[in-house]
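Letters go in sequence order (proteins before strands), and every chain restarts at 1.
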Protein chains: 2
Amino acid sequence: MKALTQRSGSMDVTIYEVAKRAGVSIATVSRALRGTGPVAAKTREKVLKAVEELNFTPSRLGVSLAEGRHAANGVVFPDLAGPYYTEVLLGYEEVASELGRSVVILSTKGRTRVNDLIKDLAGRVDGLLVFGHAAPDPLIAELVRLGVRLVVISRDPLPGADTLRSENTASARALAEHLAGHGYERFAFLGAPLTSGDDVDERWRGVRSVLGGAIEAVATREYTVECGFDAARALLKDRRPEAIVCSDDEVALGALLAAEELGLDVPGDVAVTGWDDIMAARHARPALTTVRQPMRELGARAARALDELITGVRDTPRHLILTTELVVRASCGPHPQEVRT
Amino acid sequence: MKALTQRSGSMDVTIYEVAKRAGVSIATVSRALRGTGPVAAKTREKVLKAVEELNFTPSRLGVSLAEGRHAANGVVFPDLAGPYYTEVLLGYEEVASELGRSVVILSTKGRTRVNDLIKDLAGRVDGLLVFGHAAPDPLIAELVRLGVRLVVISRDPLPGADTLRSENTASARALAEHLAGHGYERFAFLGAPLTSGDDVDERWRGVRSVLGGAIEAVATREYTVECGFDAARALLKDRRPEAIVCSDDEVALGALLAAEELGLDVPGDVAVTGWDDIMAARHARPALTTVRQPMRELGARAARALDELITGVRDTPRHLILTTELVVRASCGPHPQEVRT
DNA sequence: TTGTAGGCGTTATCAA
DNA sequence: TTGATAACGCCTACAA
């Protein structure tokens, strides 16, 4: 039974009314509208006229049910806060829309029954883009088992799904070597990995592989400005490293604030670096040395990969890694031979 | 006909298979699952067991078609870039999810056939949240006429839809008076309104009502860092106002960059203010004086308002205005008697 | 307490 | 070139 208080959007007129008005059958209306079969020119005219007069739009629900597809994708992320997820989502939405798919979003942070939410989402789309942290591994495995088309972003490859990430290890080494070139000898990695196998974990491993025992891991509760601030303040009060390598730009911004509060000069008293190259990184003072990752492209690629999986153009999972770029700015110290952005 | 290459997510098993396995009718399965009618304890057990074994999840499409509702809302924004839309969206999604509604997003910037995209979206949701700039007025009117539940954000009231915005005029006056208190006499408003009746327009009017002829309007192509930078550079080269009031924080960040490039000190040579209080505003140097608007709450309220419209709890449009807060930081000049954030 | 059957709005097959 | 009609997957009034 249809609840009249909850009509589905603008749709009230059905294909039957159009058919009646045009004096044809619903099959003919459907054909005329989709161009999916022969329709006499004259008949088509009548149909289009009726459609126009009644302001008919085929019900998405009806179409989807009949076609067996939603023409929609889902995106699952931990939190939309912060520029990283936004940028990726933006790149994703643009391509998805171009491919004729709507984008349904779901944020999991602070939610109870995350698994149910994600499964529900899976039921209303043709495929899912999941950010590494947003869904627990067992759930991912279950989704794979259920045959959900899946692209997972920012984590190490897993069976049955596409994965997609930016390069981390090599960039982390490059960053570490750059800092070592400044002559620093006592480092801290602020925002120690909270999960193994994710982006931050790779960054940490890369940095450590170069700096070895000279760098210590300092955890933050989350990768946010606030948490970065708290942890950095405690760290700087207790033992001041010469350089703080942060898990990402937001944590680094927190570190800058902490240094300021303690009256420390960056990079004079302590160098700070970030990761991602978000907008605020360029505007911070000192501007943040960071590693730029192609966030929008990450999203765009994810959309295309998911499309391939859904349309069946490809059925073997693929694991892609996009390249990044070291962006040297003021926060890591004077370094005349490098180009500044 | 169902296209097997495009199964809808994880759903393959139907209520019929569950019914057969449990040895009952589909009606009983439905009742047992939704608790919508009497079911013997023993029967329920059998059903739940079958559901478990088959890993059954009711098809969203089937449910929606039968219920006559999508259990989803749409959000239309010009562009997800920049923190403003993100924050609002975040607040919106949280509440929508709490209310059991999915969120389908649509970005219109740079898209052709925007009207078609929006209408299509309207067809797959129970109601729409639209940001002021994202949809042309005639389309809004048409949606209202079609009976689409609508909440429009950041624009002046219009008939047939809820509108929701932050307070602009009074805050703009307060900001203008604050700046006048600094003793400045030659002002520019960077990011002149591109549309009438939107947030920026209100800000401009508010500021001008205090400063009168002392402030000139300077247009930017868009409200972005890049455009703010370009316009500010031209402005500062040509005739240097004592204070630049910007349409929003991003434009203001661009102005800061322009001043830096020209070797001008902010606020020594020129004062700069923004609007919104995005994250980067606090981290910029000098930190931006701005007007904070409750972006997340804006989204949260929009979600509740739309829910009321959809469920029919309320059917007369309502127009809400949320309060804002002047945030004085360093970029407007030394001002000892104010509290800094 | 349970089952039958009609309806939700399309698409597409098949016969005319 | 067109029209009946069977899916698609679920919900629920009504009868049993």
Side-chain angles (χ1 to χ4, degrees), chain A residues 1-20 22-47 50-51 54-71 120 123-124 126, chain B residues 1-20 22-47 50-51 54-71 120 123-124 126:
Chain A
M1 188 202 65
K2 189 168 185 178
L4 282 180
T5 42
Q6 299 208 348
R7 283 170 308 155
S8 35
S10 63
M11 292 167 306
D12 262 328
V13 23
T14 74
I15 197 172
Y16 284 93
E17 309 175 38
V18 175
K20 184 187 293 175
V24 298
S25 76
I26 61 166
T28 301
V29 175
S30 181
R31 278 189 296 253
L33 254 34
R34 326 192 92 217
T36 177
V39 177
K42 211 161 185 176
T43 311
R44 180 192 317 284
E45 294 240 328
K46 285 192 299 185
V47 170
V51 164
L54 294 172
N55 218 300
F56 170 72
T57 312
S59 152
R60 243 291 119 208
L61 253 21
V63 175
S64 285
L65 195 57
E67 283 187 334
R69 64 183 215 121
H70 298 269
D120 178 85
R124 53 166 78 224
D126 302 314
Chain B
M1 187 203 66
K2 187 166 185 179
L4 283 180
T5 41
Q6 300 209 352
R7 283 170 308 155
S8 36
S10 63
M11 293 166 306
D12 262 331
V13 22
T14 74
I15 198 172
Y16 285 93
E17 309 175 39
V18 176
K20 184 188 292 175
V24 298
S25 76
I26 63 165
T28 301
V29 174
S30 181
R31 279 190 293 255
L33 254 34
R34 326 190 93 216
T36 178
V39 177
K42 210 161 184 177
T43 311
R44 179 193 318 286
E45 293 241 327
K46 284 192 301 186
V47 171
V51 165
L54 294 173
N55 219 302
F56 170 71
T57 312
S59 153
R60 244 291 125 206
L61 252 23
V63 175
S64 285
L65 197 56
E67 283 186 334
R69 66 184 211 119
H70 298 269
D120 177 86
R124 52 168 78 224
D126 302 315

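- When rounded to the nearest whole Å, the span between CD1 of Ile26(A) and P of dA7(D) equals 15 Å.
- The CD1 atom of Ile15(B) sits 12.0 Å away from atom CG of Leu54(B), with the distance rounded to the nearest 0.5 Å.
- The distance from atom NE2 of His70(B) to atom P of dG9(C) is 11 Å, rounded to the nearest whole Å.
- For the OP1/OP2 pair of dC11(D) and a distance below 4.0 Å, the side-chain nitrogens and oxygens of Ser30(B) include at least one atom meeting the criterion.
- Side chain Arg31(A) to base dG3(D): a donor-acceptor pair is found below 3.5 Å.
- Side-chain N/O atoms of Thr28(B) include one lying less than 4.0 angstrom from OP1 or OP2 on dG3(C).
- When the C1' atom of dT2(C) is taken as reference, atom NZ of Lys46(B) falls 10 Å away, rounded to whole Å.
- Summary of the strand contacts: Arg44(B) and Leu65(B) both lie near DNA chain C, and taking for each the nucleotide with the nearest heavy atom, the more 5' one is attributed to Arg44(B).
- Rounded to whole Å, the distance from CD on Glu67(A) to C1' on dT13(C) is 16 Å.
- Distance, Ile15(A) CD1 to dT5(D) P: 17 Å, rounded to whole Å.
- In this structure, the side chains of Arg31(A) and Thr43(A) stay at 4.5 Å or more apart for every pair of heavy atoms.
- Looking at Arg124(B), its side chain does come within 3.5 Å of a backbone N or O of Ala71(A) through a donor-acceptor pair.
- Close to dT12(D), at under 4.0 Å from its OP1 or OP2, lies a side-chain N or O of Arg34(B).
- Side-chain contact between Thr28(A) and Lys46(A): absent, with no pair of heavy atoms (C-beta onward) separated by less than 4.5 Å.
- Counting only heavy atoms from C-beta on, Ser25(A) has its side chain closest to dA4(D) among dA4(D), dC8(C), dT10(C).
- Not one side-chain nitrogen or oxygen of Ser59(B) sits closer than 4.0 Å to the OP1 or OP2 atom of dG9(D).
- A straight line from CG of Leu61(B) to P of dT11(C) spans 13 Å, rounded to a whole angstrom.
- Considering only the side chain of Ala27(A), dA4(D) comes nearest among dA4(D), dT10(C), dT2(D).
- Nearest nucleotide to the Val39(B) side chain, out of dT1(D), dT2(C), dG3(C): dT2(C).
- Summarising the geometry, the separation between OH on Tyr16(B) and C1' on dG3(C) is reported as 12 Å, rounded to the nearest angstrom.
- Comparing dT11(C), dT2(D), dG3(C) by their closest approach to the side chain of Pro38(A) singles out dT2(D).
- One interatomic measurement links the two molecules: CZ of Arg60(A) to C1' of dC8(D), which rounds to 14 Å at whole-angstrom precision.
- To the nearest 0.5 Å, the span separating CG on Leu65(A) from OG on Ser59(B) amounts to 6.5 Å.
- Using a 4.0 Å heavy-atom distance criterion, Ala40(B) is classed as a sugar-phosphate-only contact.
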